[in-house]
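Okay, structure first, notes after.
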Amino acid sequence: MRMLLIHSDYLEYEVKDKALKNPEPISEEQKKGRLEEVLAVFMSVEKADETNPDEVVEKAVVEIKDVASQVKAGRIFVYPFAHLSSELAKPDVALKVLQRIEERLMEEGFEVKRAPFGYYKAFRLSCKGHPLAELSRTIVPSG
Ligand SMILES: Nc1ncnc2c1ncn2[C@@H]1O[C@H](COS(=O)(=O)NC(=O)[C@@H](N)CO)[C@@H](O)[C@H]1O
């Protein structure tokens, strides 16, 4: 899994078109989303993650919690992003991993939004620009 973490004043998105034949079903209200004072986490789930998705979820949560505590962010935006890797996991595995990361972060007490999976989306992001505002992490299953 490849993650790009951007500490932001806000992240907002708007769903445009389908990018997959069968994107994640979404409600009308999920077609737009915005969070202020947020740690935006752009994530590409990778082929290698398919060997142990549960382990990758836990490792990703550890990394996200670590960065969130360093930048003092209480809100997380989980953003599916297929452009951080050339070895993408298949969509059904990727969606499950991202849904599970969302659930685990909520369990950890964060306010969390997740951008819809399988759609082209317009988005605006305001990066805060401090030294820890732009970080990346790579997670691989140990198996
Ligand atoms: N492995 C993945 N990790 C994260 N997001 C993914 C992944 N696979 C698919 N997606 C989601 O599905 C959307 C489309 O994925 S894509 O790989 O860019 N495009 C496609 O698969 C099709 N356009 C056929 O190539 C992405 O924008 C993202 O929302």
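Remember, it's 1-based here, ligands and their atoms both numbered in the order they're listed. Quick note: numbers below take in every heavy atom, side chains included, and nothing from hydrogens, waters or symmetry partners. These figures come from a predicted structure and were not determined experimentally.
Partners of Glu58 by side chain to side chain contact (heavy atoms under 4.5 Å, CB included), not counting sequence neighbours, listed by chain and number: Arg104. Every residue two or more places apart in sequence or in another chain that forms a ring-ring contact (aromatic ring centres under 6.0 Å, His included) with Phe81 is listed here: Phe42, His83.
Within the 4.0 Å heavy-atom criterion, the part of Leu20 lying near ligand 1 is the side chain and not the backbone. At a heavy-atom cutoff of 4.0 Å, ligand 1 is contacted by the backbone of Met43 but not by its side chain.
Here the heavy atom of the protein found nearest to atom 22 (C) of ligand 1 is Ala19 O, 3.2 Å. For atom 2 (C) of ligand 1, the closest heavy atom belonging to the protein is Ala94 CB, 3.5 Å. Atom 17 (O) of ligand 1 has as its closest protein heavy atom Leu88 CD1, 3.5 Å. Ranking the protein heavy atoms by distance from atom 1 (N) of ligand 1 puts Val45 O, 2.8 Å first. Distance from atom 16 (S) of ligand 1 to its nearest protein heavy atom, with residue and atom name: Ala82 CB, 3.9 Å.
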Please walk me through it: do Ser142 and Lys59 pass side chain to side chain contact (heavy atoms under 4.5 Å, CB included)?
-> CA-CA 10 Å; Ser142 46; Lys59 285 183 171 179; 4.1 Å; yes
Exercise for review: Take Leu35 and Leu11 through the test side chain to side chain contact (heavy atoms under 4.5 Å, CB included) and record every step on the way to the result.
Suggested key: CA-CA 6 Å; Leu35 274 182; Leu11 168 65; 5.8 Å; no
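Judged by distance alone, with hydrogens and angles left aside, the side-chain atoms of Gln30 form no donor-acceptor pair with the main-chain N or O of Val15 at under 3.5 Å. Checked by atom type and distance alone, the side chain of Glu46 pairs as donor or acceptor with a backbone atom of Met1 at under 3.5 Å. Looking at Tyr10, its side chain never comes within 3.5 Å of a backbone N or O of Arg124 through a donor-acceptor pair.
Close contacts between ligand 1 and Ala89 involve ligand atoms 1 (N) [criterion: under 4.0 Å to a heavy atom]. Shown in contact with Pro80 at under 4.0 Å from a heavy atom are these atoms of ligand 1, numbered in order with element: 5 (N), 29 (O).
From Glu103, atom CD reaches atom CD of Glu108 across 12.5 Å, with rounding to the nearest 0.5 Å.
Counting only non-hydrogen atoms, the option in Tyr119, Phe117, Tyr79, Phe81 that gets closest to atom 11 (C) of ligand 1 is Phe117.
For ligand 1, the polar-atom distance check finds an N/O of Gly118 within less than 3.5 Å of one of the ligand's N/O atoms.
Checking atom 24 (C) of ligand 1 against the protein gives no heavy-atom contact under 4.0 Å.
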